[in-house]
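One structure below.
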Amino acid sequence: MDPRAAPPAVAAAAGGAPHITVRGLAKRFGEAVVYDRFDLDIPRGRFVSIFGPNGCGKSTLINMIAGLVPADGGEILFGGKHLADTKIGYVFQNYREALFPWLRSIDNIEYPLRLAKLPKAERRAKVERLVAHLGVKIDLNRYPYELSGGQQQLVSIMRALVVEPEVLFLDEPFSALDYEMTLFMRDQLQAVFDETRTTTILVSHDLEEAVYLADHVLLLSRRPARVADLVAMDLPRPRDAHTLSDPDFVRIKGHCLDVFQREVRKG
Amino acid sequence: MKRQALLPIVGVVALVVVWYLAVWVRLVDPVLLPPPEKAFAALVQGMAGGRLGYDFWRTLERTAYAIAIAAVIAIPLGILLGANEKAYRAAEFVIDFFRSTPASAMFPLFLVIFGVGDKTKILVASFGAALVILFNVAYGVMNARKTRLLAAKVMGASRLRVLTDVMLLESLPQTFVGLRNGVSLALVIVVVAEMFIGSIDGLGYRVFEAQQLFNMPEMYAAIFASGALGYGLNLAFMLVEKRFVHWAGK
């Protein structure tokens, strides 16, 4: 694919102006070129899963978009605005190291509101609204280390959502959880998305999960990473266990796997 | 469970039994090793209103001053150096060098500067303790979990907020390690200092004085009092740590 060609038309597929536009992104780690003249459009209010070979730079991509890793070049805009003017939420893979163990869970969730200098009453109200919204049944007065892994990650997700972000980033959020908890958390995340319709970018190393949750699956090539394919996944929501055996789901997942294996073999 | 809790007593009983046996078979000259009850009697009498209680208090006082001065200087400095890795690398050799220098070697220098009074004893102990605390605090700050710092950053925390809200708390467990090691070292230095010429009180003075007078029960009593002080200080810091750093190791 010619890297100078027009950016992949996710936005067109979604039928709206793109929310996030990435233009001419460049990144190298030492000798390794991870991104070079990389373009991407991410539509507003959609759930995009990113999937690709190991070490192709999935996490690096969302970390550059979220401002955690500096890009060597290129431009990233959020509806025309820069990151500094954009509210984002970010959920890390390692919830144990991402939450603040010295704060009770509720204070963890309130922390970004405290940074925004919201008065206490308003902070409490926002958290309560979020708890009611999500139907969370965790004792938030406990410290994170007193909660199970899934509950801790749920607290992380709430901390990311409480600011009502324009974009929600999730970096392999469930990979440290057991399968039962993963299934439960997928549905929690799906419910959150259905409820808020926040533009969401998920990095996953689990193809089933990536397809199950997504409106669009972004498949990356080996590095330097290019868009190998952009697969629309428009099965109706809410999706459930039956979705996993739906012929369309199986077909889309199969297609993604084909593309993935083709990319892996190229290496 | 209850039985488990009684286990430490076994060691104490064994020690007393061995001591009795040693006295009984005259392993050591009875003048040098009195029977345990004599030593304990001296300990109880000395601590309950005797000279030993006063010496115990004086040593505790000096150690407390020393650790307080060390903490006030070393904790902020450790945070500054830890937050700025280049600065720490620049200072690292000097810190490591003086941390490895026996603080007792600094006595003559401090004596010349501060005279034979309390000042010298306290400041040499502070010097030793401060380097231990500084080193631990700086490493605690430097080894703050990357993810936690990034989490604060991505939520929009300024560099100052990352320092006060995350780095400081992340370094607390290591800071307490430094404080506990520091207080043990400070006590060692204070007790040695109290054995020097010009001392008139303190546990070090009491041990030395009793030995000079061949008053062995009193010497053992002073040694046990020093041990109790060291153990108590360590325990106190551990209890405070448990309260303030409830998340450590979790």
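What you see is a predicted model, and the numbers here were worked out from it, not measured in a lab. Quick note on labels: first sequence line is chain A, next is B, and so on, each numbered from 1.
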Would you call [X]-[Y] a salt bridge at under 4.0 Å N-O?
{"X": "A:Asp107", "Y": "A:Arg124", "value": "yes"}
{"X": "A:Lys87", "Y": "A:Glu164", "value": "no"}
{"X": "B:Glu194", "Y": "B:Arg62", "value": "yes"}
{"X": "A:Lys126", "Y": "A:Glu122", "value": "no"}
{"X": "B:Arg99", "Y": "B:Asp96", "value": "yes"}

Option that, when pairs with chain B are counted at under 4.5 Å, heavy atom only, ranks first among [options]:
{"options": "A:Glu97, A:Arg159, A:Glu146, A:Gln93", "value": "A:Glu97"}
{"options": "A:Pro165, A:Ala98, A:Ala160", "value": "A:Ala98"}
{"options": "A:Pro144, A:Pro101, A:Pro112", "value": "A:Pro101"}
{"options": "A:Tyr145, A:Tyr143, A:Trp102", "value": "A:Trp102"}

What residue, out of B:His246, B:Lys146, B:Glu170, B:Lys153, has the most heavy-atom pairs lying under 4.5 Å from chain A?
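Greatest number of close heavy-atom pairs with chain A: B:His246.
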
Among B:Val166, B:Val245, B:Leu149, single out the residue with the greatest number of heavy-atom pairs under 4.5 Å to chain A.
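If we count pairs closer than 4.5 Å to chain A, B:Val166 comes out on top.
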
With a 4.5 angstrom heavy-atom cut-off, is it the side chain or the backbone of B:Arg145 that approaches chain A, or both, or neither?
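Looking at B:Arg145, just its side chain touches chain A.
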
Under 4.5 Å from a heavy atom of chain B, the part of A:Leu103 involved
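Neither part.
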
Which heavy atom of B:Ala193 sits nearest a heavy atom of B:Ser199, and at what distance?
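Answer, listing the atom of B:Ala193 first, then B:Ser199: O-OG, 3.4 Å.
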
